[in-house]
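Order of the sequence lines fixes the chain letters, A, B, ..., with proteins taken first and strands second; residue numbering starts at 1 for each chain. Side chains included, hydrogens not; waters and symmetry mates left out as well; all remaining heavy atoms used.
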Amino acid sequence: MHSIKEILSDEFIGKPVTVHGWVYRTRSSGKIAFVVLRDSSGIVQSVASIAALGDERFKTISSLGIESSLELQGTVKKDDRAITGYEIEVTDFKVYQRDESFPITKDKGEEFLLDNRHLWLRSQEFSAVLKVRSTVFKAFADFFYSEGYYQVQAPFMVSTATEGGTTLFKVPFFGSEVSLTQSAQFYLETMIFSLEKVFTISPSFRAEKSRTWRHLTEYWHGEAEVAWVDNSGMMDIEERMIHFIIGRVLEENQPELAILGRDMGDLRRWTEPFLRMTYSDLIKRAQQTGMNIKYGDDLGSDEEKQIMIHYDRPVFVTHYPKELKTFYHRPDPKNPGELLCHDLLAPEGYGEIIGGSERIWDPDQLKERMEEYKLNPDDYYWYMDLRKYGSVPHSGFGLGLDRAIMWICKLDNIKNAIPFPRTIRRTKP
RNA sequence: GCCGCCGUAGCUCAGCAGGUAGAGCACUCGGCUGUUAACCGAGCGGUCGUCGGUUCAAAUCCGACCAGCGGCGCCA
């Protein structure tokens, strides 16, 4: 048995092979039929003829529907007319299941494809995304292992909010109620006191009624937390991480990037140093380009896009005014109105993919900030305890893995970066 | 939460100054020995989202409801 990718090579010319997979396309001209076979590694054209198979067998193979599953035996030939340069002259075959009418045909409406995502996954385009996605997840973990981090796991069912009060998913819990996690951050913070450098990959849940091209209600969050590192040191780590992930995709996914129409030159440029600027500088520059924006305004989707058209690589934006971010970011001691925090904005209009910061490590300051946000420190007693017993400076971040994949794969909607997207109106398939 | 849009064949859509439903694809049958989401011919396929109203007559006009899509805000 061979994989399709394997036999697409001069070494196999003239040799008998056996492959199995699914019918990708068929064409028949009466006495000759072309069956393009697909497996997880690629596609190859096979040629069936009455001469080789006889009337009845020929009729069987030439009438197979798209996505029929079968095993083919034959001889490899080089032929420029074949879609991948080589073809198999069929000598024998075995059908596992005949397919009469696969629901996905050439007219593909967005909604129909979402309803049939379990089948659309088989497409070349979506398979390519899934392969890149696999690389990104592995590279994220490999990067942190290579820098001496421990992978840890936090609970998904929680009783404290990390990002403000209105976005929690409530779940019944033995007569009371818990929420689905929005971020593992607070739990990661507990673990730096024993492990110092930790990371996790887990789903996060947001109950905002978002209907946008870059929001999911359930998304995959790559998060890390490190002791003894400040805001700027954290950005160094994140920059190395993104470079590492992009490098891996360049090494492992060239065919997939070609299918997706993503230029390799773009990715190579993103393995070069990123830009950094403060929020106030960014506002000044935006004003110089004529944008109607002032210090203290939040960066909306439009603003992010308008700003990022001037840059061809990711940009860290730091030192946001404290009114624009939540309570745990550490205020800059030199300018307490601004925070030692950062967002990483991806180019080409993809926008924010990372949010991170140096965390407040002084107990009084944390308490003060919580009160400004009308939060009860007693609800966060265990988080407060971290500032009470051997508190240290530390920083962390969260990466939206699906957003990063959408950017790397040049997709126009985050729903196409994840196999089974969960949005405000979609829980099937 | 706010703004906009759509619902007609399995799929993608056309039909809308009101006159009784159409194309392409898919599927079935027939033809074709080099096709590239092949091509040619025929066939199959619809309570026009639901309920109500106006009218001699409604896919088309009006109202309500249901379902879905896109964008904003929020964030990753």
Side-chain angles (χ1 to χ4, degrees), chain A residues 23-36 43-52 58-59 62-63 65-67 77 79-85 87 89 99-116 119-120 123-124 162-167 182-185 202-223 238 298-305 324-326 343-346 350-356 397-407 412-415 417-418 423-426 428:
Chain A
V23 172
Y24 181 65
R25 303 273 188 266
T26 59
R27 286 175 287 277
S28 164
S29 321
K31 297 195 177 70
I32 188 170
F34 301 94
V35 175
V36 180
I43 58 176
V44 65
Q45 172 168 292
S46 69
V47 188
S49 64
I50 289 189
F58 176 80
K59 200 170 179 182
S62 64
S63 64
I66 301 267
E67 290 302 311
K77 257 179 64 185
D79 195 314
D80 289 341
R81 292 169 294 187
I83 185 165
T84 42
E87 64 185 18
E89 278 188 329
D99 223 313
E100 293 302 316
S101 62
F102 192 64
I104 297 174
T105 60
K106 78 174 186 181
D107 291 314
K108 16 180 203 199
E110 266 309 309
E111 205 181 324
F112 180 79
L113 291 179
L114 278 166
D115 288 338
N116 290 282
L119 303 174
W120 178 237
S123 67
Q124 295 286 298
T162 50
E163 306 291 339
T166 58
T167 62
Q182 301 164 303
S183 163
Q185 180 194 323
S202 83
S204 282
F205 304 89
R206 302 278 165 101
E208 288 116 355
K209 292 186 174 176
S210 297
R211 300 182 56 79
T212 83
W213 61 283
R214 59 185 191 142
H215 284 87
L216 292 168
T217 49
E218 176 186 292
Y219 68 97
W220 284 84
H221 213 167
E223 295 174 277
E238 290 163 25
D298 209 347
L299 267 43
S301 188
D302 280 353
E303 287 77 21
E304 264 182 26
K305 272 188 187 168
L324 296 183
K325 297 280 179 186
T326 189
D343 286 349
L344 182 65
L345 307 185
Y350 282 100
E352 186 178 353
I353 58 171
I354 284 178
F397 77 92
L399 166 69
L401 286 160
D402 316 280
R403 281 190 180 176
I405 290 158
M406 169 170 65
W407 165 51
D412 58 6
N413 194 301
I414 198 166
K415 285 185 281 216
I418 184 168
T423 64
I424 173 172
R425 288 241 168 73
R426 182 169 291 279
K428 288 181 194 170

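Thr26(A) comes within contact range of the sugar-phosphate backbone alone, with a heavy-atom separation under 4.0 Å but no base atom that close. Within the 4.0 angstrom heavy-atom criterion, only backbone atoms of the sugar-phosphate kind lie near Trp213(A); the bases stay farther away. Within the 4.0 angstrom heavy-atom criterion, no nucleotide atom of any strand lies near Leu399(A). Using a 4.0 Å heavy-atom distance criterion, Ala82(A) is classed as a base contact. At a threshold of 4.0 angstrom between heavy atoms, the contacts of Ile354(A) are confined to the sugar-phosphate backbone, with no base atom among them. Here Glu110(A) lies out of heavy-atom contact (under 4.0 Å) with every strand. Asp402(A) comes within 4.0 angstrom of no nucleic acid atom, judged by non-hydrogen atoms across all strands.
No donor-acceptor contact under 3.5 Å links the side chain of Arg425(A) to the base of rG68(B). Side-chain atoms of Arg211(A) and base atoms of rC3(B) include no donor and acceptor less than 3.5 Å apart. Taking only distance into account, the side chain of Ser210(A) meets the base of rG73(B) through a donor-acceptor pair shorter than 3.5 Å. For Glu87(A) against rG34(B), a side-chain-to-base donor-acceptor contact under 3.5 Å is present.
Using a 4.5 Å cut-off on side-chain heavy atoms (C-beta onward), Ile104(A) and Trp120(A) make contact.
For Asp402(A) (side chain) and Trp220(A) (main-chain N/O), a donor-acceptor pair under 3.5 Å exists by modelled atom type. Of the possible polar contacts, one joining the Thr212(A) side chain to the Arg214(A) backbone as a donor-acceptor pair under 3.5 Å is found. Proximity of a side-chain donor or acceptor of Glu303(A) to a complementary backbone N or O of Gly300(A) within less than 3.5 Å is detected. Without hydrogens or angle criteria, Arg403(A) side chain to Glu352(A) main chain gives a donor-acceptor distance under 3.5 Å. Put simply, the side chain of Arg27(A) never gets that close to the backbone of Val35(A): no donor and acceptor are under 3.5 Å apart.
Between Arg27(A) and the phosphate of rA38(B), there is a side-chain N or O to OP1/OP2 separation shorter than 4.0 Å.
If you check rA38(B), rG73(B), rA76(B) against the side chain of Glu352(A), the one that comes closest is rA76(B). Side-chain proximity of Lys31(A) to rU35(B), rA76(B), rU33(B): nearest is rU33(B). You'll find that the side chain of Phe112(A) is closest to rU12(B), out of rC75(B), rA76(B), rU12(B).
The nearest heavy atom of RNA chain B to Leu299(A) and to Arg426(A) marks one nucleotide each, and the one closer to the 5' end goes with Arg426(A). Comparing Lys415(A) and His215(A) by the nucleotide of RNA chain B that holds the closest heavy atom to each, the one mapping nearer the 5' end is Lys415(A).
Taking atom CD1 on Ile424(A) and atom P on rG71(B), their separation rounds to 13 Å, with Å as the unit. Rounded to whole Å, atom P of rA76(B) lies 11 Å from atom CD of Glu304(A). Look at CD1 on Ile353(A): it is 12 Å from P on rA76(B), rounded to the nearest Å. Atom CG of Asp115(A) is separated from atom P of rG10(B) by 15 Å (rounded to the nearest Å). As a whole-Å value, the separation of Asn413(A) CG from rG71(B) C1' is 12 Å. Distance Ile104(A) CD1 to rA37(B) P: 18 Å, rounded to the nearest Å.
Nearest heavy-atom pair, Gly355(A) versus Asp343(A), reported as atom, atom and distance to 0.1 Å: CA-OD1, 3.7 Å.
rC6(B) and rC25(B) are spaced 28 Å apart, taking the P atom of each and rounding to whole Å. The C1' atoms of rC65(B) and rC29(B) are separated by 45 Å, rounded to the nearest whole Å. rC72(B) and rU36(B) have their P atoms separated by 41 Å, with the value rounded to a whole Å. rG52(B) and rU60(B) are spaced 14 Å apart, taking the P atom of each and rounding to whole Å. Here the separation of rA57(B) from rG19(B), taken at their C1' atoms, is 7 Å to the nearest Å. To the nearest whole angstrom, the two C1' atoms, one in rG24(B) and one in rU33(B), are 28 Å apart. Nucleotides rU8(B) and rG4(B), compared at atom P, are 23 Å apart to the nearest Å. rC61(B) sits 38 Å from rC27(B) when the C1' atoms are compared, rounded to a whole Å.
Across all strands shown, rG41(B) is found opposite rC29(B) as a Watson-Crick or G-U wobble partner, with both distances under 3.5 Å. Under the Watson-Crick or G-U wobble criterion, with both distances below 3.5 Å, rG18(B) has no partner in any strand shown. Across all strands shown, rG63(B) forms a Watson-Crick or G-U wobble pair, both distances under 3.5 Å, with rC51(B). rA23(B) and rU12(B) make up a base pair, with Watson-Crick or G-U wobble contacts both under 3.5 Å. When both distances must be under 3.5 Å, the Watson-Crick or G-U wobble mate of rG34(B) does not exist.
With hydrogens and angles left out, the side-chain atoms of Gln45(A) and Thr84(A) include no donor and acceptor closer than 3.5 Å.
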How does protein contact run along nucleotides 22-31 of chain B, one letter per nucleotide 5' to 3', with B for base contact, S for sugar-phosphate only, - for none, heavy atoms under 4.0 Å?
--BSSSS---

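Ion pairing between Arg426(A) and Glu218(A) fails under the 4.0 Å rule for side-chain N and carboxylate O. Using a 4.0 Å cut-off between charged side-chain N and carboxylate O, Asp298(A) and Lys325(A) make no salt bridge.
For rG34(B), the base is not stacked against the aromatic ring of Phe34(A), per a cut-off of 5.5 Å between centres and 30° between planes.
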